[in-house]
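One structure is given below, encoded as structure tokens.
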Amino acid sequence: MTDTNPQNKEAAAEESTPQPTQEPKHEKIAEEPPTTESSSSSSSSSIAPLEAEEEEEESFTLICKYGGQCFPIPYTARSTVLDVKTQIKAFTNVLPDRQKIVGLTKGKLAPDDTQLCKLGLKKDQRFMMIGTPEDQIPQKIIMPEFSEDDEGYQEDAENDRAIAVHAQNIAKVQTKILKTEVILINPPRKGKRLLVLDIDYTIFDCKSTAETIHVLKRPYLDNFLTLAYKYYDLVFWSQTSWRWIEAKLTEMGILLSSNFKVTFVLDKTSMPTVEDCGNYKRKRDTTQETKKYQIKPLQLIWDKFPDLYTNKNTIHVDDLSRNFLMNQENGLKISAYKNAPTSHASDRELLLLGTYLLTVKDCVDFRTLKLAKWREHVLNLTK
């Protein structure tokens, strides 16, 4: 049946008529490049994060502390450890191979070619650099700085000998020897010489504050002990309690080292107190009161190990000559290690001392050496 409704015929005609304006419009959109709006949204999901990441990487900064100053070290994820050292050299004039970097990573610093992105660093991470500028090394070696409270003036030597031979003081030393028990940490080695070392201000700065124990520990200590151990048994004697001695030696990695071994340790309980019975007045004395000193008589060790150690094969290293008052011929005075945060970068005392101990290791009787002139002896070797 034929539909005679005009509206229905008109609608049907519209449906049968092609719609050319719609189809080309869709094709045009598909062929055209993305609009500005779509491009920005696309780049924000892929390109923009990469750009932001690169900008953030370039802004990373390390803070290097050296000689009481701080300076920035910019880096990227692709920078290497050597790149950092090179920048440090520009600020300090310390060559990369002379730089000791502390606090940048836990444990030993990675090799120079390691990229910083592999070290897990934090933004603005702080670390310390230890090292000596090339133009300062000779002066620092030849002219070590001594602290104001160093003991042992030459004019006091005769009085010190009088104290050492006084009957009352000798009796006090003998009493202390009888009461002291030496506990071995490692067995003595037959045929080795004996090196007795003080701790505070000799190998460790006990008063200064620093971010790491490595700064308070005297430079080159590990190398020095490793070298000395080849020819000398090592003993530490400190005027503090065993609790503090153990803490210091442990923190410095001495008691558990695989490169050398400690034979035994003596603390302040092994130090007798002697008196200046003649009331000798020293330059810095302000009163005439009888002065008393705690000392480290080597006779205590010699009596405990008579078949191993004697006055012929023992050297006692200390920053205070008063400590070897009873054994002046065996005492070697070293400069005090103080103000570690600044002096650590230039201190070379243990390098010199290690050289000296190596040159005299075959001496038949250490008492024949002029230990007071040990530094001059080493410096003359280089002339």
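Using modelled atom types, no side-chain atom of Tyr337 and backbone atom of Pro219 make a donor-acceptor pair closer than 3.5 Å. The closest donor-acceptor contact from the side chain of Asn330 to the backbone of Asn311 lies under 3.5 Å. Side chain of Asp267 to backbone of Ser238: no donor-acceptor contact under 3.5 angstrom is found. The closest donor-acceptor contact from the side chain of Thr180 to the backbone of Ser270 lies at 3.5 Å or more, if one exists at all. A distance-only check finds no donor-acceptor pair linking the side chain of Asp319 to the backbone of Tyr201 [under 3.5 Å]. Without hydrogens or angle criteria, Asn323 side chain to Ile295 main chain gives no donor-acceptor distance under 3.5 Å. Side-chain atoms of Gln125 do not come within 3.5 Å of backbone N or O of Ile63 as any donor-acceptor pair. No donor-acceptor distance shorter than 3.5 angstrom exists from the side chain of His166 to the backbone of Val274, with no hydrogens or angles considered. Under a 3.5 Å cut-off, the side chain of Asp318 and the backbone N or O of Lys333 do not form any donor-acceptor pair. No donor-acceptor pair under 3.5 Å is formed between the side chain of Gln294 and the backbone N or O of Pro272.
Taking CD1 of Ile301 as the start and CD1 of Ile177 as the end, the distance is 10.0 Å to the nearest 0.5 Å. The distance from the CG atom of Leu121 to the CZ atom of Phe127 is 9.5 Å, given to the nearest 0.5 Å. The CG atom of Leu104 lies 9.5 Å from the SG atom of Cys64; values are rounded to the nearest 0.5 Å. Remark: Ile315 CD1 to Asn327 CG distance equals 13.0 Å, nearest 0.5 Å. Taken to the nearest 0.5 Å, the CG atom of Leu352 stands 11.0 Å off from the CG atom of Leu357. Taking CG from Asp124 and OG1 from Thr61, the interatomic distance works out to 5.5 Å, rounded to the nearest 0.5 Å.
Judged by a 6.0 Å distance limit and a 45° cone about the ring axis, Lys248 is not positioned over the six-membered ring of Phe204. Geometrically, Arg193 engages Phe366 in a cation-pi contact, judged by NZ or CZ lying under 6.0 Å from the ring centre and within 45° of the ring axis. A cation-pi contact, defined as under 6.0 Å to the ring centre and within 45° of the axis, links Arg322 to Tyr293.
Side chains of Ser208 and Asp205: a donor on one and an acceptor on the other come within 3.5 Å. If you check the side chains of Ser335 and Glu349, you find a donor sitting under 3.5 Å from an acceptor.
When every heavy atom of Tyr232 is checked against every heavy atom of Val360, the shortest pair comes out as OH-CG2, 3.8 Å. The minimum heavy-atom distance between Ala164 and Ile170, with the atom names listed, is O-CG1, 3.5 Å. In plain terms, the two heavy atoms of Leu308 and Pro188 that are nearest each other are CD1-CB, 3.4 Å. Scanning both residues, Ala110 and Leu119, for their nearest heavy atoms gives CB-CD2, 3.9 Å.
Within the 4.5 Å cutoff, side-chain heavy atoms of Tyr231 are placed close to those of Leu358. Considering only heavy atoms from C-beta on, Ile88 comes within 4.5 Å of Ile101 through its side chain. By the 4.5 Å heavy-atom criterion applied to side chains, Tyr66 and Phe71 are counted as neighbours. Under the 4.5 Å side-chain criterion, counting only non-hydrogen atoms from C-beta, Val364 is not in contact with Lys312. Within the 4.5 Å cutoff, the side chain of Phe224 has heavy atoms near those of the Leu353 side chain. Taking 4.5 Å as the limit, some side-chain heavy atom of Leu300 sits within range of a side-chain heavy atom of Val182. Using a 4.5 Å heavy-atom threshold, the side chains of Gln87 and Pro74 count as touching. Side-chain atoms of Leu225 and Leu197, non-hydrogen and from C-beta on, do get closer than 4.5 Å to each other.
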Which pairs of donor and acceptor atoms, one on a side chain in residues 250-260, lie under 3.5 Å apart (sequence neighbours left out)?
residue	atom	partner	partner atom	Å
Thr250	OG1	Glu246	O	2.7
Ser257	OG	Asn259	N	3.1

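Counting heavy atoms of neighbouring residues, nucleotides and ligands inside a 6.0 Å radius, atom CH2 of Trp244 does not exceed 12 of them. For Lys89, the NZ atom counts as loosely surrounded, since its 6.0 Å shell holds 12 or fewer non-hydrogen atoms of other residues, nucleotides or ligands. Annotation for Lys268: atom NZ does not count as buried by contact number, only 12 or fewer foreign heavy atoms lying within 6.0 Å.
With sequence neighbours left out, the side-chain contact (heavy atoms from CB on, under 4.5 Å) criterion links Pro111 to Asp113, Thr114.
Ring pair Tyr356/His377 is perpendicular by interplanar angle, where above 60° counts as perpendicular and below 30° as parallel. Below 30°, between 30° and 60°, or above 60°: for Phe324 and His316 the angle between ring planes is above 60°, a perpendicular geometry.
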| query | Stepwise, does the side chain to side chain contact (heavy atoms under 4.5 Å, CB included) test hold for Val262 with Leu249? | reply | CA-CA 10 Å; Val262 177; Leu249 295 182; 5.6 Å; no

| side chain to side chain contact (heavy atoms under 4.5 Å, CB included) assessment of Val84 paired with Leu62 | CA-CA 9 Å; Val84 173; Leu62 299 172; 4.1 Å; yes

| query | Between Thr314 and Trp302, is a side chain to side chain contact (heavy atoms under 4.5 Å, CB included) present by the stated rule, with each step listed? | reply | CA-CA 9 Å; Thr314 303; Trp302 299 334; 3.0 Å; yes

| message | Run Asn186 and Leu234 through side chain to side chain contact (heavy atoms under 4.5 Å, CB included) and show every step you take. | response | CA-CA 10 Å; Asn186 290 289; Leu234 304 177; over 6 Å; no

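Put simply, the residue from Thr202, Leu350, Thr226 that forms a side chain to side chain contact (heavy atoms under 4.5 Å, CB included) with Leu221 is Leu350.
Note on Trp374 and Leu379: same hydrophobic cluster, where clusters join Ile, Leu, Val, Met, Phe, Trp and Tyr whose side-chain heavy atoms are under 4.5 Å apart, directly or indirectly. Cluster membership for Leu82 and Ile73, using ILVMFWY side-chain heavy atoms within less than 4.5 angstrom, is not shared.
A salt bridge links Asp112 with Lys85: the distance from a Lys NZ or Arg NE/NH1/NH2 to an Asp or Glu carboxylate oxygen falls below 4.0 Å. Electrostatic pairing of Asp198 and Lys296 counts as a salt bridge here, judged by a charged N lying under 4.0 Å from a carboxylate O. Salt-bridge annotation for Lys217 and Asp222: present, with a side-chain N of the basic residue lying under 4.0 Å from a carboxylate O of the acidic one. By the 4.0 Å N-to-carboxylate-O rule, Lys304 lies too far from Glu181 to be salt-bridged with it.
Under the 6.0 Å cut-off for aromatic ring centres, Tyr309 and Phe305 qualify, their centroids lying closer than that.
Residue pairs meeting the salt bridge (Lys or Arg N to Asp or Glu O under 4.0 Å) criterion with at least one member in residues 223-238, sequence neighbours excluded: Arg189-Asp233.
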